[in-house]
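Okay, structure first, notes after.
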Amino acid sequence: MVNHQWGIIATWRMAYEGLSASAKLLADKGDARSAVLQAVKQVEDYPLYKSVGYGGLPNQDGEVELDAAFMDGDSLAMGAVAGVRNLANPVLIAAALSEERFNSFMVGGGAEQWAIHKGFEQKQMLTERALQHYRKRCRETLARGLNPYTGHDTVGMITLDQNSKICVATSTSGLFMKRPGRVGDSPVSGSGFYADSTMGAATATGLGEDLMKGCISYEIVQRMGRGMTPQMAAESAVYELEARLLARYGRAGDLSVVCMNREGEFGAATNIDSFSFVVANHTLAPTVFLARREGDHTLYSEADETWLNAYLARISAPVEEPHHV
Ligand code: SD4
């Protein structure tokens with residue numbers, strides 16, 4: 001049954017162009033799977049987004065290792081790759097793996113071999129610009145530790161089509177300066193993403209090590225399934241996980257999420273000061289929102305012209321040399 005409701009939501013401003021194109025597709029009765037894959041591929045292909053796909057920042061050894069996932073909320077089929085190198089579009093490989101009965105989550109060399117065998121495009125993913133960031137970071141002290149947002153914004157995207165099918169996909173180069181072999185939440189079902197067309201979908205960005213401690217995306221989807229609005233589900237899950245981490249683990253990293261239910265209603269929650277996300281649905285044109293924490297709530301408002309211009313200037317600015325090494 002066609003219900004005329006559709007929606008698309010994604011983490012971070014970088015998803016805007018791809019999301020806008022896929023919003024048109026969904027409005028024209030396109031399907032959730034191709035809409036999400038096409039949009040995430042566009043983010044992967046864009047060289048100035050230094051946290052996803054081509055141009056992604058490398059690990060400690062200077063190698064770009066990519067993680068991605070795809071889930072179909074009708075069939076619950078999911079596929080994922082982690083730590084893959086020199087492949088242009090990890091999200092497409094993840095989607096292909098979701099069609100496999102076995103071996104649907106593959107890592108490293110085995111995943112690369114399979115993808116090459118299947119004819120997926122090979123590409124040197126380290127750009128000169130990403131290398132400049134890497135060299136700069138090598139000269140700076142690492143004493144500040146790893147920060148998931150230092151150039152590292154995973155794209156997580158949800159699509160709802162007019163047949164009420166919901167899909168979700170993620171793609172990331174993980175934490176900048178991660179140890180080779182390190183895998184975060186993004187390719188891990190229930191943590192970085194989850195979709196069930198009978199309830200909704202959620203996807204996360206932030207410190208994978210902590211997002212995984214709460215299986216945050218699965219938790220949010222279940223809460224929507226029990227009748228919470230997406231906004232309540234997102235906020236309650238994020239702040240409850242943060243409280244549990246603080247009480248029992250002694251600290252909590254950055255946790256940000258977006259989610260959408262079967263009606264195309266959306267929610268977003270974060271425990272940081274500035275988390276951007278992009279959304280469109282049958283009643284809303286593609287819009288960039290800026291979210292911030294206010295106690296145990298997340299407030300968001302439309303990003304203004306100044307912020308949007310500053311963003312464009314920032315992503316294309318020359319990589320600055322540190323003043324002091
Ligand atoms: C990870 N969650 O690999 C990713 C990183 C991220 O914004 O989302 N950064 O842990």
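Order of listing sets the numbers, starting from 1, for every ligand and every atom in it.
Those atoms of ligand 1 that come under 4.0 Å of a heavy atom in Thr205, given as number and element, are 6 (C), 7 (O), 8 (O), 9 (N). Near Asp185, meaning under 4.0 Å from one of its heavy atoms, ligand 1 places the atoms 1 (C), 2 (N), 4 (C), 10 (O).
Residue contacts with ligand 1, taken as heavy atom pairs separated by less than 4.0 Å, involve Arg182 solely via side-chain atoms from C-beta onward.
Sorted by first and then second residue, the ring pair (Phe, Tyr, Trp, His ring centres under 6.0 Å) pairs with a member in residues 14-47 read Tyr46-Tyr49; sequence neighbours excluded.
Of the options Val155, Val168, Thr154, a side-chain contact (heavy atoms from CB on, under 4.5 Å) to Thr203 is made by Val168 and by none of the others. For the pairing with Ser236, the side chain to side chain donor-acceptor pair (under 3.5 Å) check across Gln231, Glu219, Arg223 returns one residue only, Arg223.
Annotation: Trp12 places no N or O atom under 3.5 Å from an N or O atom of ligand 1; distance criterion only. At least one N/O-N/O distance between Gly208 and ligand 1 falls below 3.5 Å.
Inspection of the Ser197 and Asp74 side chains reveals an N or O donor paired with an N or O acceptor under 3.5 Å.
Among residues two or more places apart in sequence or in another chain, the salt bridge (Lys or Arg N to Asp or Glu O under 4.0 Å) test is passed with Glu100 by none.
Of the candidates Gly156, Gly253, Gly206, it is Gly206 that places a heavy atom closest to atom 5 (C) of ligand 1.
Between Lys178 and ligand 1 there is no heavy-atom distance shorter than 4.0 Å.
Note on ring orientation: taking the six-membered ring where Trp is involved, the planes of Tyr300 and Phe266 are tilted (angle from 30° to 60°).
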